[in-house]
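To start, the structure under review is shown below, and the notes come after it.
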Amino acid sequence: MKHINVVYNGCGECQSTVGNQVCESNK
Amino acid sequence: MIHKFEKNGKKVVVDSNGGLVCIVDDIVYDILDFYTPGCRKSNAWFGVLSEKYGNEEVSEAFDEIQNLVDSSVLFCKEVPIDNVPIESPVKAMCLNIAHDCQMRCRYCFASHGDFGGKRSLMDEKTAKNAIDFLILNSGKRKNLEVDFFGGEPLMNFDVVKKTVGYAKKSAKIFGKNFRFTITTNGLGLDDEKIDFLNKEMSNIVMSLDGRKSVNDYMRVTSSGYGTYDAVLENFLKIAKNRKNKDYYIRGTFTKKNLDFTKDVVHLYSLGFKKISLEPAVIDEKVDYAIDFSDLDKIKEEYDNLAKWVSQIKKIDPEFVFFHFNIDLDHGPCLTKKIKGCGCGNDYISVTPDGSIFPCHQFVGRSEYLMGNVNDNYFDKNLKSKCIKILKDRLKKCNLCPIKPFCAPCLAKSEFTSRLGCEISRSRVESALALKLSSF
């Protein structure tokens, strides 16, 4: 796209700002 | 709902429900002041912007926005909280193994280690009962966590060692996996303790505020002496021997050092590569308490820090500033984002006498006493109360522009003002700008 640059688009086993946690299943 | 802001010459748009992040040009940035889903090019504002940018350009930009809306990634509908299963088994425990401390840090939320009660150490029996309680209440969860906390946990090192041994033995019997962490002020460290911590702890959090003058004003012994020189050598020894395991140098900033980028730079210059620096949580009217008048300075400082981190990461990819660590590609799932820290739900805190509280910030508040590990009593009504506080808080968060990258802290919901939210917002914007600096 010319005007917009899209940069970025419950198992309970992950480690206890939640935004900086990494999903266990994605490690 | 969308959120847009400018940083470092980039115009950023975030979808606050879906988490989309994009960089846009001036035309899109201006259109989004007026655009609402379902609007048309015949709207009056379209003509005004066409005079400024040209009809063809504005029409193209409008169509690009419309494509993202049609793909359900911009102006997303909010996710109904009630559709997300929040109640969980217990899987993480903050084990307050010592309600005592050698330090008298001015900003300490734990009343200098005793949490407003008497100074005490957890005995081995209570610690083992806490491990049993965690396993018994963990349901099908396999990964369990114990954080040795206080006070200063190394004042009760013998019980720390025995608890780790007991938990590892129990884990084999019950098919669980324990992850141990510890937060220490460093005063009690010696080679024996360092070897043990480096072997057994998945993460070691070491408290140090940065520059010597900053640290030694806030972090003092019971005799009033600064502690920088007493802890630095052993902290460096830990950091150098962690290999692929986690550690964080964890500092606190106050109104006295709103130029905290200098503290991060100082800690890095000493050799620490993983740094967390947080605003002090202080409700009192003391001369170092951060208030709303400091907000502009804090925003400016997070921007300064983000620019410095951007330069450092080019030459040292291992460097990490904890709160700039937003992972948009592999971040937490929706359930995790909504549940947040799990306070009083899948996360609890246990005191030296075995009392259970929703988290370390609630310790000592009798209305939040959830039970005791020594008689295996756990008040499910209080667990439900914590979940209700969370849901009430999430409703307040619903209009927050950075909600995809934050999670509500129940203790803050109960005890503090919106200042913490405003600081989080400025930090997230700086973190996003840092992420986007390579685009």
Side-chain angles (χ1 to χ4, degrees), chain A, chain B residues 12-13 18-25 27-28 57 60-61 64-65 67-68 73 84-85 88-89 91-92 139-143 145 147 179 202-203 322-337 339-342 346-347 402 404-407 424 427-428 431 435-436 439:
Chain A
M1 288 193 284
K2 178 179 164 187
H3 301 274
I4 302 175
N5 178 7
V6 175
V7 181
Y8 292 103
N9 182 3
C11 73
E13 295 294 356
C14 54
Q15 179 187 336
S16 169
T17 308
V18 166
N20 59 13
Q21 301 296 298
V22 175
C23 176
E24 201 73 14
S25 64
N26 276 318
K27 280 182 179 174
Chain B
V12 182
V13 174
L20 178 86
V21 180
C22 45
I23 300 169
V24 303
D25 66 6
I27 305 173
V28 169
E57 291 288 307
E60 268 184 3
E64 288 186 18
I65 293 170
N67 281 339
L68 292 176
V73 293
V84 177
S88 301
K91 58 101 60 184
K140 293 180 179 176
R141 294 287 186 267
K142 181 175 173 58
N143 294 330
E145 296 164 28
D147 183 40
R179 180 179 182 276
S202 299
N203 188 15
F322 179 70
H323 276 111
F324 284 172
N325 226 9
I326 290 177
D327 187 335
L328 297 168
D329 291 325
H330 305 295
C333 62
L334 177 66
T335 305
K336 172 75 171 180
K337 287 187 178 190
K339 279 166 54 179
C341 58
D346 55 18
Y347 173 57
I402 59 144
F405 314 110
C406 188
S424 291
R427 192 166 52 202
V428 166
K435 293 284 288 186
L436 302 180
F439 287 88

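Note on naming: letters A, B, ... go to the chains in the order of the sequence lines (proteins, then strands), and numbering restarts at 1 for each one.
To the nearest 0.5 Å, atom NZ of residue B:K140 and atom SG of residue A:C11 are 13.5 Å apart. The CD atom of B:E64 sits 10.5 Å away from atom CG of A:N5, with the distance rounded to the nearest 0.5 Å. Distance check: A:I4 CD1 to B:I23 CD1 gives 12.0 Å after rounding to the nearest 0.5 Å.
Only the side chain of B:E145 comes within contact range of chain A, with at least one heavy atom under 4.5 Å from a heavy atom of that chain. Only the side chain of B:K91 comes within less than 4.5 Å of a heavy atom of chain A; its backbone N, CA, C and O stay farther away. Contacts between B:I402 and chain A at a heavy-atom distance below 4.5 Å are absent for every atom of the residue. Heavy atoms closer than 4.5 Å to chain A are found in the side chain of B:I27, but not in its backbone.
Across all their heavy atoms, B:C22 and A:V6 have their closest contact at CB-CA, 3.7 Å.
The residue among B:N67, B:D346, B:I65, B:V28 with the most heavy atom pairs within less than 4.5 Å of chain A is B:V28. Of the listed residues (B:D147, B:L68, B:D25), the greatest number of heavy-atom pairs within a distance under 4.5 Å of chain A belongs to B:D25.
The only option from B:V12, B:L436, B:V13 that meets the side-chain contact (heavy atoms from CB on, under 4.5 Å) definition with A:V7 turns out to be B:L436.
The pair A:E13-B:K142 does not count as a salt bridge, with every side-chain nitrogen at least 4.0 angstrom from each carboxylate oxygen.
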